[in-house]
Visitor: 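Attaching a single structure in structure tokens format; questions to follow.
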Amino acid sequence: MSWLKIGKFRSYKYPPGTKSSFLEEDSSTPFTAEIEQNEKLLQETFEDCSDLVYRRIDVNQNVHWLIVYIESLIDKTTLEENVIKPLLTSLTSHTYPKESGDLKSEMISIGTTIRTTKVSEAVANILDGHAAILSTGSSIVTTVSIPGTSKRSIDEASSEPVIRGPRDGFIEHISTNVSLIRARLKTSKLKMEYITLGELSKTRVAITYLKGIASQTVVDEVKARLKPIKLEGVLDSGNIEEFIEDQPYSPFPQVHSTERPDVVVAELLEGKVAILVDTTPFVIVVPMTFWTGLQASEDYYIRWPIATFVRWIRFFFIIFAIFAPPMYVAITTFHQEMIPTNLVLSIASSRDAVPFPAMVEALLIEIIFEALREAGIRLPKQIGQAISIVGGLVIGQAAVQAGFISAPVVIIVSITGISAFTIPRYSFANGIRLLRFPMLFLAGFLGLYGIVLGLLAIMLHVTNLRSFGSLYFSPVAPLKLTALKDVLIRIPIWAKFRPSIRPNQEGEQN
């Protein structure tokens, strides 16, 4: 695996002496045959936990059962119908024990039960939505899975809306998300491998891929990058992204995050690997290429000529989003001879009362635009849209009339902002937004020469960037003519082929 450029694993390092035993459950303490002692062990572990419920069932003077659970994590109706009611029913039958409380499998009418003799395992199961059943005279504790946490309904993905296409999106429950994928891929080749991350959160993470289609090298690399991660808690898939990406200082995302099941399934069919994280609707897909950031799921649900046209619109406007303000600054500051005379006179007259140079003027309005955009996102929807629209109109018009900025800059920055909105992937669009600012400085100090240098730096960075061993700019660099069918154009579905993401011995794609 020497050909694969592996990124440095970035696992959180605890300061010396801070990672003490309170972060981990005691895995060495076993249960005893005394139910009172076992109850005491659980009470010590869950000290000051008022939501832990202890429910005792007395069979006779010699046999007692104790059911322990966290009331907010289980379905109480299921507990009553499938656990407590069968136990009470067994009291009147010949099946209940006379001297020993060892629980029989036929006493529980629910299938998912786990038997353990370790306190740590029982505690972990209780925290995962199980009810633990302790018995007199037995050191074996049976835990029954009765998850009952509330779930958000399956709605359309708010960050990736489409006019035509499936309307379901991932939610914060990993089991539901897995079912949305399996509903689309009814094959045993779809593999789900679970690991747990987070010292305290114990977050379940599923590594998903299609065996025989996904490169085993990429699958092994995903596992190798995930397992060393050490964090107290994993709250979102974004916490994992920063640990597994190849170049953490790059403005371009090297993993694709989405909340659409159809997008994940399409990527799996192309041989990629998906990472599902519990408690978040965003799924990570690797490897990612530059062109993935410019492709929308709707491209594959509308006719291919229209999808190709829309894709070319995105290609054009991504260039505009990066280079429009820098080009304006460079030309108006250093290369006025490139502008037609009438346009020069119009720009000069509009900038007559402006006290700032073109670079400062463009930078100022760019920052104001980004502030308005951020305010519109953070405010409630009913207010946010109004603030974005009214704020932009009022501030822009007032600033032009007051002479702080010129009208051409407002036009250029507005079109630039609209251009960034044409990029379908939010994380990819953020990287493009960030590139505008260094390009503005280069244009303000070096003119067109600075823009050319910035373009060369971007191209060198992108062509050298990798995502899990795959070249980021592939199949354009290195050039693969057959693979361009789904990059520059969207070929008809009947002519589609599966693009290969398997690196060869030189680290390039086949």
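These numbers come from the heavy atoms of this one structure, side chains and all, not from hydrogens, waters or symmetry mates. These numbers were taken from a predicted model, which means no experiment stands behind them.
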Visitor: What I want to check is whether the side chains of Thr258 and Glu160 have a donor and an acceptor closer together than 3.5 Å.
Guide: yes
Visitor: At what distance, to the nearest 0.5 angstrom, does CG of Leu52 lie from OG of Ser72?
Guide: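 If I round to the nearest 0.5 Å, the distance is 10.0 Å.
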Visitor: With distance as the sole criterion, is a donor-acceptor pair present between the side chains of Asp278 and Thr203 under 3.5 Å?
Guide: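 Distance-only check fails for Asp278 and Thr203.
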Visitor: Minimum heavy-atom separation for Ala131 to Ile67, with atom names?
Guide: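 For Ala131 and Ile67, the tightest heavy-atom pair comes out as CB-CG2, 4.2 Å.
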Visitor: Heavy-atom distance under 4.5 Å between the side chains of Ser135 and Trp65, does that happen here?
Guide: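 A side-chain contact under 4.5 Å exists here.
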Visitor: Salt bridge (Lys or Arg N to Asp or Glu O under 4.0 Å) for Asp262 and Arg167? Distances and angles first, verdict last.
Guide: CA-CA 10 Å; Asp262 58 320; Arg167 301 294 179 179; over 6 Å; no
Visitor: Sequence neighbours left out, what passes ring pair (Phe, Tyr, Trp, His ring centres under 6.0 Å) with Trp304? Give chain and number order.
Guide: none
Visitor: Could you point out which residue of Asn464, Leu465, Ile458 forms a side-chain contact (heavy atoms from CB on, under 4.5 Å) with Val462?
Guide: Ile458
Visitor: Test your reading of the model: is there a side-chain donor-acceptor pair from Arg225 to the backbone of Ile244, 3.5 Å cut-off?
Guide: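 Side chain of Arg225 to backbone of Ile244: a pair is present.
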Visitor: To the nearest 0.5 Å, what is the distance between CD (Glu270) and CG (Leu210)?
Guide: 11.5 Å
Visitor: Roughly how far, to the nearest 0.5 Å, is the CZ atom of Arg466 from the OH atom of Tyr472?
Guide: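 The OH atom of Tyr472 sits 14.5 Å away from the CZ atom of Arg466.
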Visitor: For Ser250 and Gln247, indicate whether the former's side chain and the latter's backbone hold a donor-acceptor pair under 3.5 Å.
Guide: no
Visitor: Side chain to side chain contact (heavy atoms under 4.5 Å, CB included) for Val286 and Ile284? Distances and angles first, verdict last.
Guide: CA-CA 7 Å; Val286 296; Ile284 301 172; 4.1 Å; yes
Visitor: Between Val265 and Ile181, is any pair of side-chain heavy atoms under 4.5 Å apart?
Guide: yes
Visitor: Side chain of Arg433, backbone of Phe428: donor and acceptor closer than 3.5 Å?
Guide: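 Looks like no, no N/O pair under 3.5 Å.
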Visitor: Given the rule in the side chain to side chain contact (heavy atoms under 4.5 Å, CB included) test, do Phe421 and Arg373 qualify, once you have shown the distances and angles that lead to the verdict?
Guide: CA-CA 11 Å; Phe421 289 131; Arg373 175 175 175 170; 3.5 Å; yes
Visitor: Do the side chain of Asp299 and the main chain of Ala296 share a donor and acceptor less than 3.5 angstrom apart?
Guide: yes
Visitor: With a 4.5 Å cut-off on side-chain heavy atoms, are Leu471 and Thr463 touching?
Guide: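 Sidechains of Leu471 and Thr463: no contact.
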Visitor: Given 3.5 Å as the limit, does a donor-acceptor pair link the side chain of Lys272 with the main chain of Leu269, or not?
Guide: no
Visitor: Establish, from distance only, whether the side-chain atoms of Gln216 and Asp220 form a donor-acceptor pair under 3.5 Å.
Guide: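 Per modelled atom types, Gln216 and Asp220 side chains form a pair under 3.5 Å.
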Visitor: Just to verify, what does Arg56 make a salt bridge (charged side-chain N to carboxylate O under 4.0 Å, His left out) with, not counting sequence neighbours?
Guide: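 Arg56 satisfies salt bridge (charged side-chain N to carboxylate O under 4.0 Å, His left out) with Glu39 only.
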Visitor: How close do His130 and Thr143 get, heavy atom to heavy atom, and via which atoms?
Guide: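 Reported closest heavy-atom pair: CD2-OG1, 3.8 Å.
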Visitor: If you round to the nearest 0.5 Å, how far is OG1 of Thr29 from CG of Asn38?
Guide: 11.0 Å
Visitor: With side chains defined as the heavy atoms from C-beta onward, is the minimum distance between Arg314 and Ile318 less than 4.5 Å?
Guide: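 A side-chain contact under 4.5 Å is absent here.
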Visitor: Sequence neighbours excluded, which residues qualify as ring pair (Phe, Tyr, Trp, His ring centres under 6.0 Å) partners of Phe473?
Guide: Phe290, Trp291
Visitor: Report, as yes or no, whether the 6.0 Å neighbourhood of atom CD on Glu34 holds more than 12 heavy atoms from other residues, nucleotides or ligands.
Guide: no
Visitor: If you take all heavy atoms of Arg204 and Ile174, which pair is closest and at what distance?
Guide: NH2-CG2, 3.2 Å
Visitor: What pair of heavy atoms forms the shortest contact from Asp155 to Arg152, and how long is it?
Guide: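 Taking every non-hydrogen atom into account, OD2-NH1, 4.3 Å.
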Visitor: Check whether the side chains of Thr292 and Thr289 place a donor and an acceptor atom closer than 3.5 Å, and report yes or no.
Guide: yes
Visitor: Go through the steps to decide whether Glu370 and Arg436 satisfy the test salt bridge (Lys or Arg N to Asp or Glu O under 4.0 Å), and finish with yes or no.
Guide: CA-CA 12 Å; Glu370 293 296 334; Arg436 287 206 299 266; 2.8 Å; yes
Visitor: Using the side chain to side chain contact (heavy atoms under 4.5 Å, CB included) rule, take Val53 and Ile70 through it: C-alpha gap first, then chi angles, then the decisive distance, then the call.
Guide: CA-CA 6 Å; Val53 177; Ile70 296 177; over 6 Å; no
Visitor: Less than 4.5 Å apart, any side-chain heavy atom of Ile133 and any of Val141?
Guide: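 No; the side chains remain at least 4.5 Å from each other.
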Visitor: Got a sec, which residues hit side-chain hydrogen bond (donor to acceptor under 3.5 Å, both in side chains) with Asp75, two or more places apart in sequence or on another chain?
Guide: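 side-chain hydrogen bond (donor to acceptor under 3.5 Å, both in side chains) list for Asp75, sorted by chain: Thr78.
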Visitor: Are any side-chain N or O atoms of Ser467 and backbone N or O atoms of Met288, one a donor and one an acceptor, separated by less than 3.5 Å?
Guide: yes
Visitor: Enter the distance from Ile275:CD1 to Ser257:OG here, rounded to the nearest 0.5 Å.
Guide: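 That separation rounds to 11.5 Å.
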Visitor: Determine the minimum heavy-atom distance between Ser158 and Glu259, stating which atoms define it.
Guide: N-OE2, 3.5 Å
Visitor: Partners of Tyr301 by ring pair (Phe, Tyr, Trp, His ring centres under 6.0 Å), sequence neighbours excluded?
Guide: none
Visitor: Can you check whether Arg115's main-chain N or O pairs, donor with acceptor, with Thr142's side chain at less than 3.5 Å?
Guide: no
Visitor: Please answer whether the main-chain N or O of Thr32 pairs with a side-chain N or O of Gln37 as donor and acceptor at a distance below 3.5 Å.
Guide: no
Visitor: Nearest 0.5 angstrom please: Leu435 CG to His461 NE2, how far?
Guide: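 Result: 8.5 Å between the selected atoms.
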Visitor: With a 4.5 Å cut-off on side-chain heavy atoms, are Val123 and Phe46 touching?
Guide: yes
Visitor: Would you confirm whether Arg184, through its side chain, and Ala266, through its main-chain N or O, come within 3.5 Å as a donor-acceptor pair?
Guide: no
Visitor: For residues Val83 and Tyr69, determine if any side-chain heavy atom of one lies less than 4.5 Å from a side-chain heavy atom of the other.
Guide: no
Visitor: Are the side chain of Asp246 and the backbone of Phe468 linked by a donor-acceptor contact shorter than 3.5 Å?
Guide: yes
Visitor: Do Glu199 and Lys230 make a side-chain contact, defined as non-hydrogen atoms from C-beta onward lying under 4.5 Å apart?
Guide: yes
Visitor: Using the test side-chain hydrogen bond (donor to acceptor under 3.5 Å, both in side chains), find all partners of Lys223 that sit at least two apart in sequence or belong to another chain.
Guide: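 Once residues adjacent in sequence are excluded, the partners of Lys223 under the side-chain hydrogen bond (donor to acceptor under 3.5 Å, both in side chains) criterion are Glu193.
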Visitor: Quick check: closest heavy atoms across Val234 and Ser201, and the distance to 0.1 Å?
Guide: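 The answer is N-OG, 3.0 Å.
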